[in-house]
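Ligands are counted one by one from 1 in listed order, and the atoms in each one are counted from 1 as well. Along the sequence shown, residues carry numbers from 1.
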Amino acid sequence: MKVLVIGGGGREHALVWKIAQSPLVDKVYCAPGNPGTASLAENVAIKVDQLDELLKFAQGAGIGLTVVGPEQPLSLGIVDLFEQHGLKVFGPSKNAAIIEASKAFSKDLMRKYDVPTAAYGVFSDIAQADVFIEKTGAPIVVKADGLAAGKGVVIAQTVQEAKDTVKDMLSGNAFGSAGSRVVIEEFLVGEEASFLAITDGKNIIPLASAQDHKAVFDGDQGPNTGGMGAYSPAPVVTPAVHEIAMHEVLRRTVDGMAAEGRPYRGVLYAGLMVKDGQVKTLEFNARFGDPECQPLLMRMKSDIVPLLLAVADGDLSGLSIEWHEKAAVCVVMASGGYPGDYSAGDVIEGLDTAARLEDVYVFHAGTSLKDGRCVTNGGRVLGVTSLGDTVQAAITRAYQAVNCISWPGVHFRTDIGRKAIGRM
Ligand code: AMP
Ligand code: GLY
């Protein structure tokens, strides 16, 4: 079978890497891919939002399964389009992907189906939002309703900051139409976990637990990014937390989506806040997390392709996932300045040396080729991922590899995985 992976980041490199190992697969294509995916798949120069071109390519190349990485094509309706033309595709339809594309939708869904989450209000009127902010007090969280590449959330430390943020978002200055409505919610404290599952709309198979590191600097300091590193398993997801996440978060959400006439098929990613064994849902994503996908797929023992096909066919019953006992850690190497402005085109040294280390895989994200050399071409550049018998062993191995790689201005966190060690 021929498989097409859509996207060009670290998540998609990991998907290509895993899918290419399946005995069911003859050839993998990746659109648009990156220099990392090019070593395992044929890259196709079509952007993720060019749905008609992607469809034409899939039909022409005889693609047996398409796997959608990022949220943008999902929320544009790529799954609906491919299915209308009789193609098998892994991911939620447009009316189900709204669970990520609209925070107001997902909060209202959680309220309706009793999924634990922070108290909130949805506003498109500045004066009404201000009343809510004054009543709640600070710190308080302001979120743009629509997709904002992980940057639409502001944790306001004062009432005035919250009001200014709301004004900025609702007036359309920040985030354009994605900010034409805002969700304002109670500030939660605790430790975050990424809880992902695959579902056919009825059956739910959880993936192993994982934890992301959103802030750009060590100790969770500085602005939020798309994610500076991740590890799996995450000890914060105790067996009791796992049960709550399965029954009160995922089961209620999957059943709720079905009841709303929006059956959800694909990966459902719940961002959780855990405090003293209590679980609250911060958000849903309609896709694999990036970088969580990288350590998760390194730990996945089972062939992923039968699972993806079963979801595309709408019946996961009877399937399960086996995991390596080992832990996996992914350290993101980023361009200096990210998530703000950063430079591009810097030559990356040491990739071959790192790749020779055992149980290490260097997933590419923002890279490109220039004169035959690999150069930086994005904020998050590489996801250096390793397996180890323990989280500590995986951390040590990942940083060994990170230390082989360099370019001018490279930035990475030095504390990825430390929270897991603190809990063991
Ligand atoms: P979201 O995209 O909604 O998950 O928000 C992005 C990040 O903002 C989360 O991963 C948290 O770190 C933080 N965050 C979001 N909502 C809250 C909240 N209610 N309380 C505290 N932190 C939050
Ligand atoms: N790592 C967080 C996300 O993929 O949204």
Practice task
For the residue pair F57 and Y29, categorise the inter-ring angle as parallel (less than 30°), tilted (30 to 60°) or perpendicular (more than 60°).
Solution key: perpendicular

Practice task
Consider every N or O of E292 and every N or O of ligand 2, then say whether any pair is closer than 3.5 Å.
Solution key: yes

Problem - Part of E186 within contact of ligand 1 (heavy atoms, under 4.0 Å) - result: backbone

Completion exercise
If we number the atoms of ligand 1 from 1 as shown, the ones under 4.0 Å from a heavy atom of K214 are 10 (O)

Problem - D220/R413 salt bridge by N-O under 4.0 Å criterion - result: yes

Completion exercise
Near F187 (heavy-atom distance under 4.0 Å), the atoms of ligand 1 are 20 (N), 21 (C)

Handout entry: Contact atoms of ligand 2, heavy-atom distance to R287 under 4.0 Å
Key = 3 (C), 4 (O), 5 (O)

Handout entry: E322 side chain to S302 side chain, donor-acceptor N/O pair below 3.5 angstrom
Key = no

Problem - D290 N/O under 3.5 Å from ligand 2 N/O - result: yes

Exercise for the section: Classify the contact between F288 and ligand 2 as side chain, backbone, both or neither, using a heavy-atom distance cut-off of under 4.0 Å. Expected result: neither

Completion exercise
So for L282 against ligand 1, with non-hydrogen atoms under 4.0 Å, the contacting part is both

Handout entry: Structural part of N224 in contact with ligand 1, heavy atom criterion under 4.0 angstrom
Key = side chain

Practice task
Decide yes or no for V153 and N224: does some side-chain heavy atom of the first lie under 4.5 Å from some side-chain heavy atom of the second?
Solution key: no

Completion exercise
In terms of its nearest heavy atom to atom 15 (C) of ligand 1, the top option of E192, K103, K143 is K143

Handout entry: Basic-acidic side-chain contact under 4.0 Å: E53, K47
Key = no

Handout entry: Check: K214 N/O within less than 3.5 Å of ligand 2 N/O
Key = no

Completion exercise
If we number the atoms of ligand 2 from 1 as shown, the ones under 4.0 Å from a heavy atom of N285 are 5 (O)

Problem - Backbone N/O of L382 and side chain of H364: donor-acceptor pair under 3.5 Å - result: no

Practice task
May I ask you to check whether H411 and F217 place their ring centers less than 6.0 Å from one another?
Solution key: yes

Completion exercise
Note: ligand 1 atoms sitting under 4.0 Å from heavy atoms of V141 are 16 (N), 17 (C), 18 (C), 19 (N), 20 (N)

Handout entry: Donor-acceptor contact present, side-chain S232 to main-chain S209, <3.5 Å
Key = yes

Practice task
Could you list the atoms of ligand 2 found under 4.0 angstrom from a heavy atom of G226?
Solution key: 1 (N), 2 (C)

Handout entry: Element-labelled atoms of ligand 1 that are located less than 4.0 Å from some non-hydrogen atom of E185
Key = 16 (N), 17 (C), 18 (C), 19 (N)

Handout entry: Option from K103, R111, K280, K143 for which salt bridge (Lys or Arg N to Asp or Glu O under 4.0 Å) with E185 holds
Key = K143

Exercise for the section: Could you tell me whether K112 and D108 have a side-chain N and a carboxylate O separated by less than 4.0 Å? Expected result: no

Exercise for the section: Please verify whether a non-hydrogen atom of S194 lies at under 4.0 Å from ligand 2. Expected result: no

Practice task
Output yes when the distance from some N or O of ligand 1 to some N or O of L188 is under 3.5 Å, and no in every other case.
Solution key: yes

Practice task
Mark up the atoms of ligand 2 that fall under 4.0 Å of a heavy atom belonging to G289, in ascending order.
Solution key: 4 (O)

Exercise for the section: Mind telling me whether F363 and W17 have parallel, tilted or perpendicular rings, with 30° and 60° as the class edges? Expected result: perpendicular

Exercise for the section: In plain terms, say whether D359 and K326 are close enough for a salt bridge, that is, a side-chain N and a carboxylate O under 4.0 Å apart. Expected result: yes

Practice task
Check each atom of ligand 1 against the heavy atoms of E283 and keep those under 4.0 Å away; list them by number with element.
Solution key: 1 (P), 2 (O), 3 (O), 4 (O)

Exercise for the section: Run the salt-bridge test on E192 and K419 with the 4.0 Å N-O cut-off and return the result as yes or no. Expected result: no

Practice task
Please confirm whether K280 comes under 4.0 Å of ligand 1, counting heavy atoms of the residue only.
Solution key: no

Exercise for the section: Examine the proximity of ligand 1 to V189 and report which part, side chain or backbone, both or neither, has a heavy atom under 4.0 Å away. Expected result: neither

